[in-house]
Amino acid sequence: MRICLLLSFIICFSSYAVTQNPTESKSKNTEAGKRPDTIILKGVLVPGKGILDLVQTQKISFKESNPSSPQEIYNSLPGVFMHAGALNTNRLTIRGIGSRSPFSTTRIRAFINDIPITDGNGETNLEDINLGIIDEIELIKGPSPPSYGTSLGGTLRYRTSFAQRPESSFISKKSIGSFGSFSSNNGLHLKSTKSVFTLNHDLATSDGYRENNNFFRQSISSFGQVLFKQSSFSSYLNFTSVNAEIPSSLNLSDFEISPEKAASNWLSVNGKEDYHRGQIGFNFSHKFLANWETSVSTFYSTFKNEERRPFNELQQLSNTLGLRAKLSFTKRLSRLALGIEIFNEKEDWSTFETLDIGKGTLLSDNEEKRRFINLFFEGSKSVKNWNVFSGLNLNHTNYTYQDLFGISANNKSGEYQYKPILSPYLKLEFDKNFSTQNYIKVYTLISHGFSIPTLSETLNPEGIINVDIEPEIGWNTEIGIRGKYNDWSLDLSLYHLLVTNLLVAERLTEDQYIGINAGKTRHPGIELEIGKLINIKCLGFHAILVNGSFQYSPHQFIEFVNRDIDYADKFLPGNPRSKALLSFKIFNKNLNINWTSSYTSAMFADDLNLISTQDYFLHNLLITRNIKISNKLNLDIIGHLNNIGNSKYASMIAVNPRSFGAAPPRYLYAGLPFNYAVGIKLQYSFD
């Protein structure tokens with residue numbers, strides 16, 4: 001620990017100032033595009049950042065997404081799938097990792113700039129992120145690079161940047177839609193040659209499609225950055241408040257006959273959650289001695305939650321404090337970086353008896369302190385058309401659990417730690433430019449990742465810490481090709497992720513899950529995206545952008561025996577084996593019409609592959625019309641038509657459902673039938 005703190009001190013004070021590199025995000029999204037290093041969702045190409053950004057990423061376009069839910073954004077990508085049980089219940093998976101989490105996103109780390117928004121339990125609430133303040137989203141599939149903690153599933157980087165901030169303006173978006181939905185996003189953007197400031201307010205409400213499904217979310221966010229001669233300072237602040245009812249999952253009969261129903265036990269107690277989440281972070285960076293740069297980010301977050309459930313009432317309070325520091329050296333076509341991340345979180349949670357009104361007797365009282373340190377090293381080198389990127393991450397995690405309710409022999413308190421985990425990363429890439437517009441990249445990579453068990457996965461059926469449970473470890477190999485020829489774009493990748501000690505959640509009672517290490521699993525897959533820009537002159541339109549994507553991912557158990565049942569060669573539940581999307585975007589200067597059709601295959605809901613959902617198609621239409629009212633005032637009129645074919649489908653499944661008493665198992669969440677949203681966007685420029 002002393003060595004780690006000393007290293008952090010050296011990095012922080014090797015110069016007198018720091019933030020993220022002000023040149024880091026200077027690329028802008030364009031329809032035609034330049035030579036890209038990443039591909040935006042829907043096939044739109046963007047300029048690359050050269051040899052210093054050799055990580056295999058995808059940038060996600062979200063500016064015209066459904067205002068109510070981010071599900072459509074992520075499900076457009078091959079290899080990525082977001083379950084959405086409700087506006088406050090989502091689970092994102094990447095290449096099959098994270099599908100065993102009951103109700104939240106795990107095994108995937110997320111950052112806003114360099115500020116982690118994943119908690120110490122490994123969970124991320126993506127639905128709470130105010131996209132109104134975000135300029136771009138970058139997705140890394142598979143074990144992440146060393147500087148981002150080598151998360152087994154992948155990494156999401158939500159970024160705000162000086163270069164992509166709009167000119168001084170006020171932007172207001174309003175939308176109404178089906179099921180009493182309403183959204184409002186208002187942003188004030190102030191920008192000068194050396195500074196930028198954004199203040200944003202986001203509001204979303206809905207009566208819900210189902211019973212006991214009312215939803216209210218409000219966020220206030222700000223971002224500021226000041227540039228100096230050789231340094232910059234930035235800050236990020238977010239506060240989110242959510243009050244949402246919980247309809248829970250349905251059994252097959254209710255799903256088929258009355259999908260708008262809520263689970264009877266959750267309806268009877270008016271199940272709901274009421275929470276507040278706050279995050280603040282600062283980043284300071286400085287370039288010195290011509291080739292050196294140092295960067296330090298510090299962050300704090302807090303979370304307070306009260307959740308009313310049929311089996312008990314939950315109260316949570318957590319506080320997180322952390323630091324990320326990096327020292328880098330760049331010379332010509334080479335770069336080296338050394339850094340550290342320190343993360344500390346304390347969480348207190350209690351459960352109480354659920355009464356008809358209010359809460360009753362205290363049932364449990366717990367406290368956990370979770371700490372980890374990541375030391376990382378990265379280097380890159382380019383020689384002619386060849387680029388190599390490599391790195392190492394060393395993680396050490398420990399936690400202290402205190403049972404404040406149990407006494408004497410029933411007390412379950414303890415302090416535990418995992419063995420240090422060393423994760424390498426290596427990527428080799430061949431990059432050839434044929435012209436300004438045409439290029440080809442061929443790459444191969446091997447990476448190592450891990451995921452630490454969450455608290456619920458470390459407790460055995462008696463509620464005692466299970467010292468035998470191990471982190472899940474994975475090796476990922478991948479080859480791919482991406483390129484552009486005239487108006488064609490291509491991104492093809494083949495991967496194989498081998499996971500040891502995959503963590504699976506086994507449901508014992510309605511409110512109790514335990515974690516089990518499931519031997520070995522294999523996650524092979526193929527992912528394809530292809531795009532074509534067709535120039536036309538018809539009915540006033542200028543071009544059609546055609547995009548298609550496809551994935552095939554037959555993920556299976558290799559070795560897993562549980563309760564004397566052998567699951568070898570069974571397919572992993574919770575993810576579609578295949579998924580496809582085709583979209584057509586017709587546009588001119590003032591009008592965009594975007595039609596999207598997607599197919600999702602059946603998904604298994606249990607490890608024995610005896611229970612499955614139906615495959616389904618979804619068809620969505622988005623129309624955007626721009627009206628220039630004056631030189632300073634612009635109006636966009638936006639219309640969404642979703643699930644035009646009115647498909648009945650499961651938008652989320654609970655893995656390994658069990659029945660309790662005489663009740664059938666509940667494992668299905670009903671997707672929305674045909675729905676719409678219409679809105680406007682007003683932008684007034686002060687300049």
Side-chain angles (χ1 to χ4, degrees), residues 8 19-20 70 88 90 92 101 103-134 137 147-149 151 155-160 198-202 217-224 233-244 273-284 295-307 314-325 340-349 366-374 395 397-400 452 454-455:
S8 176
T19 191
Q20 52 186 17
N88 56 318
N90 293 291
L92 184 72
S101 172
F103 310 112
S104 60
T105 296
T106 61
R107 282 60 165 156
I108 299 166
R109 293 199 75 190
F111 296 80
I112 292 182
N113 297 330
D114 270 349
I115 302 167
I117 54 175
T118 300
D119 65 22
N121 211 29
E123 297 184 353
T124 308
N125 289 81
L126 300 177
E127 59 271 21
D128 288 348
I129 297 172
N130 181 0
L131 295 180
I133 201 172
I134 301 300
I137 307 174
S147 58
Y148 290 96
S151 177
T155 300
L156 280 164
R157 298 173 64 194
Y158 297 86
R159 297 170 63 173
T160 56
T198 294
L199 180 64
N200 187 278
H201 175 263
D202 185 71
R217 181 183 65 222
Q218 185 170 217
S219 296
I220 298 177
S221 308
S222 71
F223 167 73
F233 174 81
S234 66
S235 65
Y236 169 77
L237 173 67
N238 179 73
F239 177 79
T240 300
S241 176
V242 173
N243 191 311
E273 62 179 348
D274 183 1
Y275 66 81
H276 308 279
R277 188 187 308 277
Q279 297 153 335
I280 186 170
F282 302 97
N283 184 274
F284 194 54
S295 173
V296 175
S297 297
T298 183
F299 51 90
Y300 170 79
S301 64
T302 183
F303 175 68
K304 183 179 181 181
N305 177 45
E306 293 188 7
E307 187 172 327
L314 172 68
Q315 286 190 350
Q316 292 174 280
L317 176 63
S318 68
N319 292 280
T320 301
L321 183 65
L323 172 76
R324 282 175 58 86
I340 185 173
E341 178 182 1
I342 302 173
F343 189 100
N344 289 275
E345 181 180 71
K346 178 185 176 184
E347 180 176 354
D348 299 282
W349 76 99
N366 311 272
E367 177 186 280
E368 185 184 42
K369 297 178 181 178
R370 185 167 286 226
R371 302 166 291 271
F372 70 74
I373 293 176
N374 283 322
N395 172 273
T397 299
N398 66 86
Y399 61 97
T400 303
I452 300 296
T454 64
L455 173 66

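On a predicted model such as this, the values are computed, not experimentally measured, just so you know. If you read the sequence from its start, that first residue is 1, and numbering goes on from there.
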Subject >> Mutual orientation of the aromatic rings belonging to Phe282 and Phe233 [parallel < 30°, tilted 30-60°, perpendicular > 60°] >> reply: parallel

**OP:** Check step by step if side chain to side chain donor-acceptor pair (under 3.5 Å) holds for Glu347 and Ser318.
**Re:** CA-CA 4 Å; Glu347 180 176 354; Ser318 68; 5.4 Å; no

Can you tell me how far [atom2] of [Y] sits from [atom1] of [X], rounded to the nearest 0.5 angstrom?
{"X": "Leu323", "Y": "Ser297", "atom1": "CG", "atom2": "OG", "result": "8.0 Å"}
{"X": "Arg107", "Y": "Leu92", "atom1": "CZ", "atom2": "CG", "result": "13.5 Å"}
{"X": "Leu131", "Y": "Tyr158", "atom1": "CG", "atom2": "OH", "result": "6.5 Å"}
{"X": "Asn238", "Y": "Ile220", "atom1": "CG", "atom2": "CD1", "result": "9.0 Å"}
{"X": "Lys369", "Y": "Lys346", "atom1": "NZ", "atom2": "NZ", "result": "5.5 Å"}
{"X": "Ile133", "Y": "Leu199", "atom1": "CD1", "atom2": "CG", "result": "8.0 Å"}

**OP:** Pick out which of Asn130, Thr240, Asp202 makes a side chain to side chain donor-acceptor pair (under 3.5 Å) with Ser219.
**Re:** Thr240

Subject >> Closest non-hydrogen atom pair, Glu345 against Thr320 >> reply: OE2-OG1, 3.0 Å

Original post:
Which atom names give the shortest non-hydrogen contact between Ser101 and Ser104, and what distance separates them?
Top reply: OG-O, 2.6 Å

Under a 4.5 Å cut-off applied to non-hydrogen side-chain atoms, are [X] and [Y] in contact?
{"X": "Arg109", "Y": "Pro116", "result": "yes"}
{"X": "Lys304", "Y": "Gln315", "result": "no"}
{"X": "Thr198", "Y": "Thr160", "result": "no"}
{"X": "Asn90", "Y": "Leu126", "result": "no"}
{"X": "Asp274", "Y": "Val242", "result": "no"}
{"X": "Glu341", "Y": "Tyr148", "result": "no"}
{"X": "Tyr236", "Y": "Gln279", "result": "yes"}
{"X": "Asn283", "Y": "Ser295", "result": "yes"}

**OP:** Mind running side chain to side chain donor-acceptor pair (under 3.5 Å) on Thr105 and Thr124 for me, showing each step along the way?
**Re:** CA-CA 5 Å; Thr105 296; Thr124 308; over 6 Å; no

Original post:
For Arg371 and Asn398, what are the C-alpha separation, side-chain angles and deciding distance, and is it a side chain to side chain donor-acceptor pair (under 3.5 Å)?
Top reply: CA-CA 6 Å; Arg371 302 166 291 271; Asn398 66 86; 2.7 Å; yes

Subject >> By salt bridge (charged side-chain N to carboxylate O under 4.0 Å, His left out) - contacts of Asp128 (at least two apart) >> reply: Arg277

Main-chain N/O of [Y] paired to [X] side chain as donor or acceptor, under 3.5 Å:
{"X": "Thr302", "Y": "Asn319", "answer": "no"}
{"X": "Thr106", "Y": "Glu123", "answer": "no"}
{"X": "Arg324", "Y": "Ser147", "answer": "yes"}
{"X": "Asn113", "Y": "Ile115", "answer": "no"}
{"X": "Arg217", "Y": "Glu127", "answer": "yes"}

**OP:** Carefully, step by step, assess Glu368 and Trp349 under the rule side-chain contact (heavy atoms from CB on, under 4.5 Å).
**Re:** CA-CA 9 Å; Glu368 185 184 42; Trp349 76 99; 3.8 Å; yes

Subject >> Pairing residues for Thr397 by the side chain to side chain contact (heavy atoms under 4.5 Å, CB included) criterion, not counting sequence neighbours >> reply: Phe372, Asn395, Tyr418, Ile452

**OP:** With sequence neighbours left out, write down each residue that passes side chain to side chain contact (heavy atoms under 4.5 Å, CB included) with Asn305, or none if nothing qualifies.
**Re:** Glu273, Tyr275, Phe303, Glu307, Leu314, Gln316

